[in-house]
Amino acid sequence: MGGDADDSALMVSTDGSTSWEEQLVPGSVGCVHMNLAVPADGNLLALYRSRWADSIYAPHSEDGGHSRPVRRNLEVGDGYCLSNNSREGPNREFSYPSIHQGRDGALHLAYTYFRQAIKYVRVDPSWVYEEETN
């Protein structure tokens with residue numbers, strides 16, 4: 001299947017890095033380029049994209065990563081990425097998401113946008129916990 005059905009995983013140490021254990025990320029089938037942060041509320045927040053480069057997700061966990069009750073879509077597109085031609089713009093891929101919480105408490109998110117730019121999004125931490133509306 002080419003990795004389409006793979007789960008994302010974290011390596012976790014509870015003994016000061018003497019030993020490590022793989023922990024699968026629930027609900028992460030086909031997700032790659034994961035970036036993690038621990039915001040001021042102490043919960044675990046991840047940012048990753050789908051393997052098909054059509055979505056950037058922001059799931060959070062209130063139990064150290066064992067579950068992810070809410071997964072927000074930060075950006076949704078068609079994920080067309082069969083070309084590295086960034087000059088003419090046929091590539092509509094999202095990649096390499098990054099997350100950081102600023103001193104003001106805001107979450108600062110950035111990711112590659114269509115292989116042409118870095119898109120920056122600033123959100124209030126409460127956005128992560130809101131249910132998705134369509």
Side-chain angles (χ1 to χ4, degrees):
M1 292 182 92
D4 293 350
D6 292 346
D7 288 299
S8 292
L10 305 173
M11 296 303 290
V12 178
S13 176
T14 58
D15 59 9
S17 302
T18 300
S19 63
W20 294 86
E21 181 179 324
E22 182 180 85
Q23 181 178 320
L24 293 179
V25 177
S28 67
V29 173
C31 294
V32 298
H33 300 174
M34 186 180 299
N35 187 256
L36 299 171
V38 180
D41 66 8
N43 294 320
L44 188 62
L45 179 62
L47 197 62
Y48 47 74
R49 76 162 173 92
S50 75
R51 178 161 314 280
W52 305 275
D54 60 347
S55 297
I56 299 285
Y57 303 117
H60 79 277
S61 175
E62 297 175 354
D63 60 6
H66 297 286
S67 67
R68 302 208 184 276
V70 178
R71 184 170 89 175
R72 297 296 312 267
N73 288 320
L74 179 63
E75 181 94 39
V76 178
D78 65 11
Y80 180 82
C81 56
L82 297 176
S83 169
N84 283 329
N85 180 346
S86 59
R87 186 167 297 170
E88 295 173 18
N91 189 313
R92 295 180 301 278
E93 168 186 340
F94 306 130
S95 294
Y96 311 110
S98 178
I99 186 167
H100 173 75
Q101 186 168 36
R103 289 183 184 155
D104 63 353
L107 298 175
H108 302 273
L109 316 172
Y111 51 96
T112 303
Y113 187 81
F114 296 177
R115 289 198 182 211
Q116 295 181 2
I118 303 298
K119 186 167 184 177
Y120 166 76
V121 179
R122 181 184 184 273
V123 298
D124 186 274
S126 64
W127 173 85
V128 173
Y129 301 100
E130 296 170 4
E131 291 293 330
E132 198 74 51
T133 58
N134 294 331

In the structure I gave you, are the side-chain heavy atoms of [X] and [Y] within less than 4.5 Å of one another anywhere?
X	Y	answer
Tyr57	Asn73	yes
Asp7	Val29	yes
Asp54	Val76	no

Sort out for me which residue in Pro97, Ser8, Pro59 forms a side-chain contact (heavy atoms from CB on, under 4.5 Å) with Met34.
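Single side-chain contact (heavy atoms from CB on, under 4.5 Å) partner of Met34 among Pro97, Ser8, Pro59: Ser8.
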Atom pair [atom1]/[atom2] of [X] and [Y] - distance to nearest 0.5 Å:
X	Y	atom1	atom2	result
Arg72	Leu45	CZ	CG	11.5 Å
Met11	Glu22	CE	CD	6.0 Å
Phe114	Arg92	CZ	CZ	7.0 Å
Tyr113	Ile56	OH	CD1	11.0 Å
Arg103	His100	CZ	NE2	8.5 Å

Can you confirm if the aromatic rings of Tyr96 and Tyr111 lie within a centre distance of less than 6.0 Å?
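Ring centres of Tyr96 and Tyr111 not closer than 6.0 Å.
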Is the backbone of Arg51 close enough, under 3.5 Å, to the side chain of Arg49 for a donor and an acceptor to pair up by distance?
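Yes: the side chain of Arg49 pairs with the backbone of Arg51.
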Under the side chain to side chain contact (heavy atoms under 4.5 Å, CB included) test, which residues partner Ser98, sequence neighbours left out?
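Per chain and number, Ser98 pairs via side chain to side chain contact (heavy atoms under 4.5 Å, CB included) with Asn35.
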